[in-house]
Amino acid sequence: MQEYQQRVVDEKKVLDDKLRALNGFLSGELVTTIRADEQYRMARQAEIMERYSRILGERIKFFEEQDKEGM
């Protein structure tokens with residue numbers, strides 16, 4: 001795997017860790033201690049992070065397919 005490809009893999013791992021933490025907070029009891037408008041923004045943030053993670057996953061899959069093809 002090339003260096004830039006490894007950076008994408010690393011970025012996805014960090015993003016997924018942050019997303020798990022955010023979703024954990026949003027599904028927990030502490031979320032009720034913040035205002036509804038902030039909860040909404042955080043939920044929107046989680047949605048965007050999920051989309052971003054999926055795109056990174058698609059890129060990683062492409063890298064892996066390229067490696068199999070010997071490109």
Side-chain angles (χ1 to χ4, degrees):
M1 186 170 285
Q2 295 186 26
E3 187 177 328
Y4 81 93
Q5 293 172 327
Q6 186 60 52
R7 285 195 303 267
V8 173
V9 171
D10 296 342
E11 180 178 358
K12 184 175 184 334
K13 182 186 180 323
V14 170
L15 176 63
D16 289 347
D17 289 345
K18 290 180 180 182
L19 180 56
R20 268 190 294 281
L22 178 56
N23 282 330
F25 178 79
L26 289 172
S27 64
E29 292 295 318
L30 282 176
V31 75
T32 60
T33 65
I34 61 174
R35 292 173 37 150
D37 57 341
E38 181 63 2
Q39 290 178 37
Y40 173 71
R41 284 188 288 273
M42 292 174 77
R44 285 181 37 222
Q45 177 182 342
E47 290 172 12
I48 299 300
M49 291 170 74
E50 288 169 6
R51 291 175 62 194
Y52 185 22
S53 178
R54 279 195 304 271
I55 292 167
L56 291 176
E58 291 171 9
R59 293 185 65 200
I60 292 165
K61 183 178 177 183
F62 177 74
F63 299 156
E64 291 168 348
E65 289 169 356
Q66 277 187 317
D67 284 347
K68 287 179 187 174
E69 294 174 3
M71 298 183 93

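Reckoned from all heavy atoms, side chains included, excluding hydrogens, waters and symmetry mates. Position 1 is the first residue of the sequence; numbering continues from there.
From Asp16, atom CG reaches atom CD of Glu50 across 9.5 Å, with rounding to the nearest 0.5 Å. Atom CD1 of Ile60 and atom NZ of Lys13 lie 12.0 Å apart (nearest 0.5 Å). For the atom pair CG of Leu22 and OG of Ser27, the computed distance is 9.5 Å after rounding to the nearest 0.5 Å. Rounded to the nearest 0.5 Å, atoms CD (Glu58) and NZ (Lys61) are 8.5 Å apart. With rounding to the nearest 0.5 angstrom, the CG atom of Leu56 is 11.5 Å from the CZ atom of Arg54.
Closest of all the heavy-atom pairs between Leu26 and Ala46 is CD1-CB, 4.2 Å.
Contact check on Arg41 versus Glu38 returns a salt bridge, with a Lys/Arg side-chain nitrogen under 4.0 Å from an Asp/Glu carboxylate oxygen. Under 4.0 Å is where a charged nitrogen must lie from a carboxylate oxygen, and between Arg7 and Glu3 at least one such pair does. A salt bridge is defined here as a Lys NZ or Arg NE, NH1 or NH2 lying under 4.0 Å from an Asp or Glu carboxylate O, and Arg20 with Asp17 meets this definition.
Hydrophobic clustering places Leu30 together with Ile34 (ILVMFWY residues linked when any side-chain heavy atoms are closer than 4.5 Å, directly or through intermediates).
In this structure, the side chain of Gln39 engages the main chain of Val31 through a donor-acceptor pair within 3.5 Å. Using modelled atom types, one side-chain atom of Gln5 and one backbone atom of Gln2 make a donor-acceptor pair closer than 3.5 Å.
Residues Arg59 and Lys12 are not in side-chain contact: their nearest non-hydrogen atoms beyond the backbone lie 4.5 Å or more apart. Looking only at side-chain heavy atoms (C-beta outward), Phe62 and Val8 stay at 4.5 Å or farther from each other. Met49 places none of its side-chain heavy atoms less than 4.5 Å from the side chain of Asn23.
Taking Tyr4 as the reference, Phe63 meet the ring pair (Phe, Tyr, Trp, His ring centres under 6.0 Å) condition, with sequence neighbours excluded.
In Glu29, the CD atom is not crowded: 12 or fewer heavy atoms of neighbouring residues, nucleotides or ligands sit closer than 6.0 Å.
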